[in-house]
2 protein chains.
Amino acid sequence: MTDCKRSRCPVACTLDLLGDKWTLLVVRDLLFGRHTFKELQASAERIPSNILADRLKRLEREGILRKQLYQERPPRYAYHLTDKGRSLGPVLHAMLSWGSTHVPGTLNKEEIDALLNAE
Amino acid sequence: MTDCKRSRCPVACTLDLLGDKWTLLVVRDLLFGRHTFKELQASAERIPSNILADRLKRLEREGILRKQLYQERPPRYAYHLTDKGRSLGPVLHAMLSWGSTHVPGTLNKEEIDALLNAE
DNA sequence: TCCAGTCACTTTCAAAATGAAAGTGACTAA
DNA sequence: TTAGTCACTTTCATTTTGAAAGTGACTGGA
């Protein structure tokens, strides 16, 4: 309440941080092993670059990921989830499970595993 | 893919339906036993009435809730989750759990239980 | 040395979404 | 007759989104 949250409800506060179309997809990709701006941009959903830059900034500010320079000259950056970020795994998993069973046309878990192993 | 989803990823598809600041709060309130427009409007986060009306319409269209006239003259409506809607429980629970441990200032589970019992 | 190409963004600007507030219409109870 | 409730809808200014183009640091090849 001190820092202008909508309420003290943990669900509402989580949505204040992650409640939009893109943020959790970035977390998904980081969990799935994509780490550079380019890799994150290349996901199937084609996140616009300005939105991606904004979300990476927010997530870093919230301590959900860290940006690290892994190579000088030319400067190259990698984004990695913190423990706080990795602990969003169950949220993503619950969404994956719900979507997989309730949204027709989505990949099921076997198809996802197959894709992940094929990479 | 046929009906203009961003991708076949279940997470992305779930976010297409529920990925915003308000939708999952409506589902939360329905799970917690609020059912009329007025009750939903009265939650701590003060959802604007036009947004609430829009979200109820979408959720009904997606088969996540049903609107029922429970009284004619004057007409009164109650919104109830379908099985599909109730199966969002684990998503909400995962968010509650994450928010409760990672967002300072939120209510913890004991406090939430106490509030729910006090109602 | 020039030049095309890559990466990691940033800027621009039109379109869409949000939200505060006021309005509407059906109804009831005093 | 009138005030009040409920369930919305409308209005409109502000905010956010997203497609596209631009920027700047750098590299590798001719």
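Note that the coordinates shown come from a computational prediction; the quantities given were computed from them, not determined experimentally. Numbered from 1 within each chain, the chains take letters A, B, ... in sequence-line order.
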**Item:** With sequence neighbours excluded, residues passing salt bridge (Lys or Arg N to Asp or Glu O under 4.0 Å) with B:Arg66
**Value:** none
**Message:** Distance check needed: C:dC27 C1' versus B:Gln71 CD, whole Å only.
**Reply:** 10 Å
**Request:** Tell me, please, which residues at least two apart from A:Glu45 pass side chain to side chain donor-acceptor pair (under 3.5 Å).
**Result:** A:Arg28, B:Ser7
**Complete:** In 5'-to-3' order, the base (B), backbone-only (S) or no-contact (-) status of each nucleotide in nucleotides 7-20 of chain C, using a 4.0 angstrom heavy-atom cut-off, is SSBBBB-----SBB
**Request:** For B:Cys13, check side-chain contact (heavy atoms from CB on, under 4.5 Å) against everything at least two apart and list the hits.
**Result:** A:Val103, A:Thr106, B:Lys5
**Asked** Got a sec, which residues hit side-chain contact (heavy atoms from CB on, under 4.5 Å) with A:Glu72, two or more places apart in sequence or on another chain?
**Response** A:Leu69
**Request:** Send over the distance from A:Glu72 CD to D:dT27 C1', rounded to a whole Å.
**Result:** 16 Å
**Item:** Contacts of type side-chain contact (heavy atoms from CB on, under 4.5 Å), residue B:Ser97, not counting sequence neighbours
**Value:** B:Lys109
